[in-house]
Amino acid sequence: MGRNGSFTPVDAPAMVSPYHENGNPPWSSAFSADAQHVWYCPSGTCDISQPADERIRLEQTFNLDTVPSTATLSVAADNAAEVYLNGTFVRTIGYYPPMVGQDVVPFLQTGENTLEIRAWNDPMYGDTPAAIIFEMKAPLSPQSCEPTTVDVNIDVKPDSDDNAINPNSKGVTPVVVYSTDDFDATTLDVSSLAFGPGGASAAHGGHVDDVDGDGLMDLVLHFPTQDAGFADGDTEANLVGQTNDGTDVLGTDAIKTVGGKGKDRGRAR
């Protein structure tokens, strides 16, 4: 498409920044810091002075999962521009003031949206500076605040078939956290791990070993049995903690308690 009377499609407009004329406030005062002045510069360089009556068309597409409850569009142009959203005319703007905070919710739709700005450099001023700046603000879609917890495979007392635990034992209870194709047990933050109802901490930093012979390194830990806080009748043991990057983990294995009542956690007797 030609110039002087028709609009030129622009795939990658060059930046013209900073932009303002002496005696006039800079447009950037009405926009966020990341909004940039742009204009069509086919030569690859963008001189601040553009041809009289030069006309361009800028187009930006974006996708929306849902139409937001609020959305505002701000546009400024030297010298003038027409603004369209999804093919519908929104407004004509002149040199001053810029269009700031225009409500555009009625123009939006789910799926693909197209913002089009048709701008021109007023010929009455001759070859003069030309630029467009625009931005749209809308709230992000609500995100779930539920934390993500990774289930890990643990084995309490790996050399035992019944995982019998005496809550009154003064020893330690071994626990293996197995690595899988989807989880690397060696990435666990050992200091964050808590075992059993009492939240026992590891008695040492643990060590790595390929316990199950699958070629993946597993994490072997030992927890003070009394600190784990098991009570008579408990049938499972949980291990909770985090990886080094802060991902929550949870592992569970079946147990049986033997040899005494253990901790009293308020069960009805």
Side-chain angles (χ1 to χ4, degrees), residues 32-34 62-70 110-111 136-167 169-257 262-263 265-267:
S32 300
D34 56 353
F62 56 95
N63 289 287
L64 294 174
D65 293 332
T66 59
V67 175
S69 58
T70 61
T110 51
M136 183 180 293
K137 295 181 179 180
L140 294 173
S141 299
Q143 301 294 315
S144 172
C145 294
E146 293 296 323
T148 299
T149 300
V150 174
D151 291 326
V152 297
N153 184 15
I154 70 169
D155 190 359
V156 176
K157 302 186 71 172
D159 294 328
S160 171
D161 293 331
D162 58 6
N163 300 340
I165 294 178
N166 182 346
S169 170
K170 295 182 180 180
V172 294
T173 300
V175 178
V176 176
V177 184
Y178 291 108
S179 291
T180 66
D181 290 338
D182 299 321
F183 178 74
D184 182 358
T186 66
T187 65
L188 285 170
D189 176 4
V190 175
S191 67
S192 74
L193 299 178
F195 177 63
S201 299
H204 53 76
H207 68 273
V208 296
D209 189 13
D210 184 7
V211 178
D212 55 1
D214 64 355
L216 302 175
M217 300 306 292
D218 309 305
L219 182 63
V220 182
L221 303 154
H222 293 85
F223 296 92
T225 303
Q226 287 190 359
D227 291 350
F230 291 109
D232 184 40
D234 282 349
T235 58
E236 69 176 25
N238 291 331
L239 177 69
V240 298
Q242 293 183 325
T243 62
N244 291 322
D245 65 2
T247 300
D248 293 329
V249 298
L250 168 65
T252 303
D253 194 15
I255 64 167
K256 74 173 184 179
T257 54
K263 301 288 184 179
R265 297 198 300 276
R267 281 193 176 87

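Heads up: numbering here begins at 1 and tracks the sequence.
- For the residue pair Gly206 and Leu221, the shortest heavy atom distance occurs at CA-CD2, 3.9 Å.
- The two residues Ala202 and Val190 come nearest to each other via the heavy atoms CB-CG1, 3.8 Å.
- The nearest pair of heavy atoms linking Pro158 to Pro174 is CD-O, 4.0 Å.
- By the side chain to side chain contact (heavy atoms under 4.5 Å, CB included) test, Asp245 is found to be paired with Thr243, Thr247, residues two or more places apart in sequence or in another chain being considered.
- The salt bridge (Lys or Arg N to Asp or Glu O under 4.0 Å) search around Asp151 returns none, not counting sequence neighbours.
- Partners of Val208 by side chain to side chain contact (heavy atoms under 4.5 Å, CB included), not counting sequence neighbours, listed by chain and number: Thr186, Met217, Leu219.
- Contacts of Phe195 classified as ring pair (Phe, Tyr, Trp, His ring centres under 6.0 Å), with partners at least two apart in sequence or in another chain: Phe223, Phe230.
- With rounding to the nearest 0.5 Å, the separation of CG in Asn244 from OG1 in Thr187 is 6.0 Å.
- Under a 3.5 Å cut-off, the side chain of Asp210 and the backbone N or O of Gly215 do form a donor-acceptor pair.
- Side-chain contact check for Leu188 versus Phe183: some heavy-atom pair is nearer than 4.5 Å.
- In this structure, the side chain to side chain donor-acceptor pair (under 3.5 Å) partners of Thr252, at least two apart in sequence or on a different chain, are Asn238.
- Inter-residue side-chain proximity for Thr70 and Pro139 is flagged as met; some heavy-atom pair is nearer than 4.5 Å.
- For Pro197 against Asp234, the heavy-atom pair with the smallest separation is CG-OD2, 4.2 Å.
- The side chain to side chain donor-acceptor pair (under 3.5 Å) test applied to Asp162 returns Ser160, Lys256, not counting sequence neighbours.
- Within the structure, the side chain to side chain donor-acceptor pair (under 3.5 Å) test picks out the following pairs touching residues 195-209 (sequence neighbours left out): His204-His222.
- In plain terms, the two heavy atoms of Ala194 and Gly199 that are nearest each other are CB-CA, 3.8 Å.
- Taking Ser191 as the reference, Asp189 meet the side chain to side chain donor-acceptor pair (under 3.5 Å) condition, with sequence neighbours excluded.
- The shortest side-chain heavy-atom distance between Ile165 and Val156 falls under the 4.5 Å cut-off.
- Applying the side chain to side chain donor-acceptor pair (under 3.5 Å) test to residues at least two apart or on different chains, the pairs with a partner in residues 172-183 are Asp155-Tyr178, Thr173-Thr225.
- Asn163 contributes atom CG, which lies 8.0 Å from atom CD1 of Ile255 (distance to the nearest 0.5 angstrom).
- Here the shortest heavy-atom pairing between Gln242 and Ser192 reads N-OG, 2.9 Å.
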